[in-house]
2 protein chains.
Amino acid sequence: MTSIDDLAREVGVSTATVSRALRGLPRVSEQTRQRVVDAAVRLGYVPSASASGLATGRTRTVAVVVPFVTRWFFATVVHGAEQVLRERGYDLLLYNLAGDPAARQRLFGTGLLTKRADAILVLGLAPTAEEVRQLRSGGRPVGLVGASVDGWPSVQIDDHAAARSAVEHLLALGHRRIAYVGGLDDSPVDVVVPTARRDGYLEALLDAGVEPDPAYEVEGRFTMAGGLAAGRRLLDLPEGPTAVFAASDEMAIGVLRAAREAGRSVPGDLSVIGVDDHETALFFDLSTVRQRVDEQGRTAARQVLALLGETDELVPERVVLPTELVLRATTGPPA
Amino acid sequence: MTSIDDLAREVGVSTATVSRALRGLPRVSEQTRQRVVDAAVRLGYVPSASASGLATGRTRTVAVVVPFVTRWFFATVVHGAEQVLRERGYDLLLYNLAGDPAARQRLFGTGLLTKRADAILVLGLAPTAEEVRQLRSGGRPVGLVGASVDGWPSVQIDDHAAARSAVEHLLALGHRRIAYVGGLDDSPVDVVVPTARRDGYLEALLDAGVEPDPAYEVEGRFTMAGGLAAGRRLLDLPEGPTAVFAASDEMAIGVLRAAREAGRSVPGDLSVIGVDDHETALFFDLSTVRQRVDEQGRTAARQVLALLGETDELVPERVVLPTELVLRATTGPPA
DNA sequence: TTGAAAGCGCTAACAG
DNA sequence: CTGTTAGCGCTTTCAA
C-alpha cells in the first residue's frame, strides 16, 4: 500500500505538494502536478479514505437508509442515487432496515450515521419527531424520499393526487363499490405514503358522493403476498367490490392473482389498478399510476450534494414529481 | 461531536482506558468500564470510524459489488449479506455497476475497493484474470457469489445441474423442440452463469438424443423485456419450439407474455420454465428451478468474516447450494 | 510555487 | 489495572 510519503519521496517533493497536486488545488506548477500524477498512476497510489476523512472531517460517503432493499421501488431509488453520487466521487453506505424496528432505532438513536457519512438519505420513512431531533443534532444534511420534514430537502410524489386520479378513473368507468388495498399496519416503515394514498382514495369517493365502506379497506402490507390475501378477503365479501385500487403495483398483482383463483375475470368482474408502474406491471397489463422512481433517487442525491457544496445547481428544497395515469387492460366498466 | 478525549476527561481516565473499556478488551476493571460506558451513553459518544480506521488499518466495512441493484436476485443477495454483516458490526459499501463497463474497470482497476473496505464481495461477476490479479494485490479477502476463483471463497448453485433438471423435466413431458432463452451477450456481467446454464441445456438435449437447433438459442438479456423479445422471435419461427427453458424467471415471464400476445396457450401450446423462483414466479404459476438467494448473500458474508477472523465458524471455502425443481402450471406435455 | 509542521481521533505497545 | 507516547496517512496553515 503506497502512501503519500512514498509518492512524495518518489517524485522528490513534499507530501503537501502531492496532496495539492492530486486534488487539483492551485499553487502547484503544472509541471510538478504532471509528475505527481504520473507517479501516482505508476505506483497505483490511492489515498486512504480514513486518513483524509480524519484530516478533513468529511468522508465523501453518503449513508442511504432503506426499509427494504429487496423491494423494487427502493432498489430503484438507490440505483438512481448511486449514479449521481458516484459521478461526484461519493460512496454509498447502505443501511437496510429490512423491516426491523430495532435496527431502525439503533441506527437513528446512536450518532452512527452522522459519524460515518457526510450526508444521509432516508427513503420511504417518515422520521419521528425524536429521530428528526437526533438526525438534526448530527449536523449533517439529511434528504428524504417519500416524506418531508421542515427544513430538509425532500422528493416525493403527490400521493394524495395519485390515489385520486386512480380512483377517479374507476369512478368514471362507473364503479361505485371500490376497495382500497394498502398498508395501514404499524410496520416500521411507510407510515406516510399509505396514509396519503388512502386519504386520496376516500376523498375521491366522497367527492363523487360515494359512501366509503370500511369493509373495503384492507391491509396489503405492500407485498404481492399481502395483496393476494387482501384480494381473497375482498372477494369473499358477501357484496364484494367491483374495483380495487391498490396502493402499489405489487399488491395489485396479488389482487389479480386472487381474482384468477376465484375465477373472476379482469376487468369484467373486477377492475384493478395500482401505483408505481412497476417493471412487472406491463407484463400483467396492469393499469397503474406511474411514477419516475430512479429520478427520485437522483434528485435526492443532488439535493444533499448541493447542501454539501458539491454542485452549483439550484436544486429546489422540496420536489414533488408528477405522476401519470397509465391505462392498460385491468380496468374497465363494471359488469 | 464528542471525542475520546472529552470522554476520558469526563470520566477522569486516560484515552487508552476509554478505548479498552469501550471495545470490551481485558485489562480494565469492571468498575471503570461501567463508568466509561455510562459516560459514553450520556455524552452520546460514537468513535470516529476514520480515526480508528487509520489507527488499525481496518475499516469494519465490506464493499459489495453488484452488476444491477435493481434486479431482484442481486438486491436479495445484498439483503442477505447485509444482515450478517450488520450482526458483526460491519457496514456495507454498495458499488452498483449498473451495467456500465467503464464503472467496472474504474472500480477494479484502481485500488479503490481495497483501500476502503476490509473485504470485498463480488456478486454475479466472473472477474477477469486481470481483475483477479488486481484484487489479489489488494491483500483483502474477496468473496464471490455466482462464480468462483481458485483460492477465494465462493457461493453458487450448480448452474449446469439446475439447467439440466429443468430441461430434463421438459424432455420427460415429451418435448423435443426445446428452446433456450439466456444471456449470451457481451454485457459486463453474468458471463459464467448463462454459459453454464446453456451448457446444461445442451447436454440434457444431447443425452436425450435430441439435436440442438441453434435457432432455438435466443438472447434474453436476463430481463423481462429481453424475454419478451426472445419469446416473440421464437414464436415467429416457422417451426417454433413447444417448450422454452429460460435461464431466469424474469425472462420466462417475458416469454409468457409473448405467448399470450401471440394467442398461444400455456402450457398447451407452449411450456415455459425458468430459474430462480423469483418472488413473482408464484403469481404467474411459473414452473422453475428454485434457489435460495438470500442464503447466498448470508453465506458469502460469513465466508469473508471468517477470513477477517470475526467468527470461529468453519465456513467451507467453496459452497454450492442445492436447487429444487418447482413444478407449477406453465409446463405440461406438448399438444 | 513549495515545504515544515501541527494536528485530526483513535489504537497499541510499553511502562509502571 | 492504568497511563504515556508514538504513530496511522492525510490536510492545512504558515513561512519561505
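A note on names: the letters A, B, ... follow the listed sequences, proteins ahead of strands, and every chain is numbered from 1.
Residue contacts shown for B:Arg20 include a base, since a base heavy atom lies under 4.0 Å away.
Close to D:dT11, at under 4.0 Å from its OP1 or OP2, lies no side-chain N or O of A:Thr15. Contact between the side-chain N/O atoms of A:Ser19 and the OP1/OP2 oxygens of D:dC10 is not found at any separation under 4.0 Å. Note on B:Arg23: every side-chain N or O is 4.0 Å or more away from OP1 and OP2 of C:dC10. OP1 or OP2 of C:dT2 sits under 4.0 Å from a side-chain N or O of A:Thr32.
Formation of a donor-acceptor pair under 3.5 Å by the A:Thr299 side chain with backbone atoms of A:Gln296 is not found in this model.
Taking CH2 of A:Trp72 as the reference point, atom CZ of B:Arg71 lies at 15.5 Å (rounded to 0.5 Å). In this structure, CZ in A:Phe73 is found 13.5 Å from CZ in A:Phe68, a value given to the nearest 0.5 Å.
The side chain of B:Lys115 sits closest to D:dC10 out of D:dT2, D:dC10, C:dT1. For B:Ala16, counting side-chain heavy atoms from C-beta on, the closest listed nucleotide (D:dT2, D:dT12, C:dA13) is C:dA13. Set against C:dG9, D:dG3, C:dT2, the side chain of B:Ser14 has D:dG3 as its closest nucleotide. Here the nucleotide nearest the side chain of A:Thr17, chosen from C:dT11, C:dT2, C:dA13, is C:dT2.
Separating the CD atom of B:Gln34 from the P atom of D:dC1 is a distance of 15 Å, rounded to the nearest angstrom. The distance from atom CG of A:Leu7 to atom P of D:dG9 is 14 Å, rounded to the nearest whole Å. Summarising the geometry, the separation between CG on A:Asp5 and P on D:dC10 is reported as 7 Å, rounded to the nearest angstrom. Taking atom CZ on A:Arg116 and atom C1' on C:dG9, their separation rounds to 14 Å, with Å as the unit. Between the CZ atom of B:Arg33 and the P atom of D:dT2 there is a distance of 10 Å, rounded to whole Å. The separation between B:Met1 atom CE and C:dG9 atom P is 11 Å, rounded to whole Å. Between the CG atom of B:Leu22 and the P atom of C:dC10 there is a distance of 10 Å, rounded to whole Å. With rounding to whole Å, B:Arg35 atom CZ is found 15 Å from D:dC1 atom P.
Partner of A:Asp118 under the side chain to side chain donor-acceptor pair (under 3.5 Å) criterion, out of A:Thr56, A:Thr59, A:Thr61: A:Thr59 alone.
A salt bridge links B:Asp6 with B:Arg9: the closest approach of a Lys/Arg side-chain nitrogen to an acidic carboxylate oxygen falls below 4.0 angstrom. Using a 4.0 Å cut-off between charged side-chain N and carboxylate O, A:Asp150 and A:Arg318 make a salt bridge. Salt bridge annotation for B:Glu310-B:Arg60: present, with a cationic side-chain nitrogen under 4.0 angstrom from a carboxylate oxygen.
At a non-hydrogen distance threshold of 4.0 Å, B:Leu54, B:Ala55 from residues 40-58 of chain B come into contact with DNA chain D.
Side-chain atoms of A:Arg27 come within donor-acceptor range of the base of C:dT2, with a qualifying N/O pair under 3.5 Å.
In this structure, A:Glu317 places its CD atom where more than 12 heavy-atom neighbours from other residues, nucleotides or ligands lie under 6.0 Å away.
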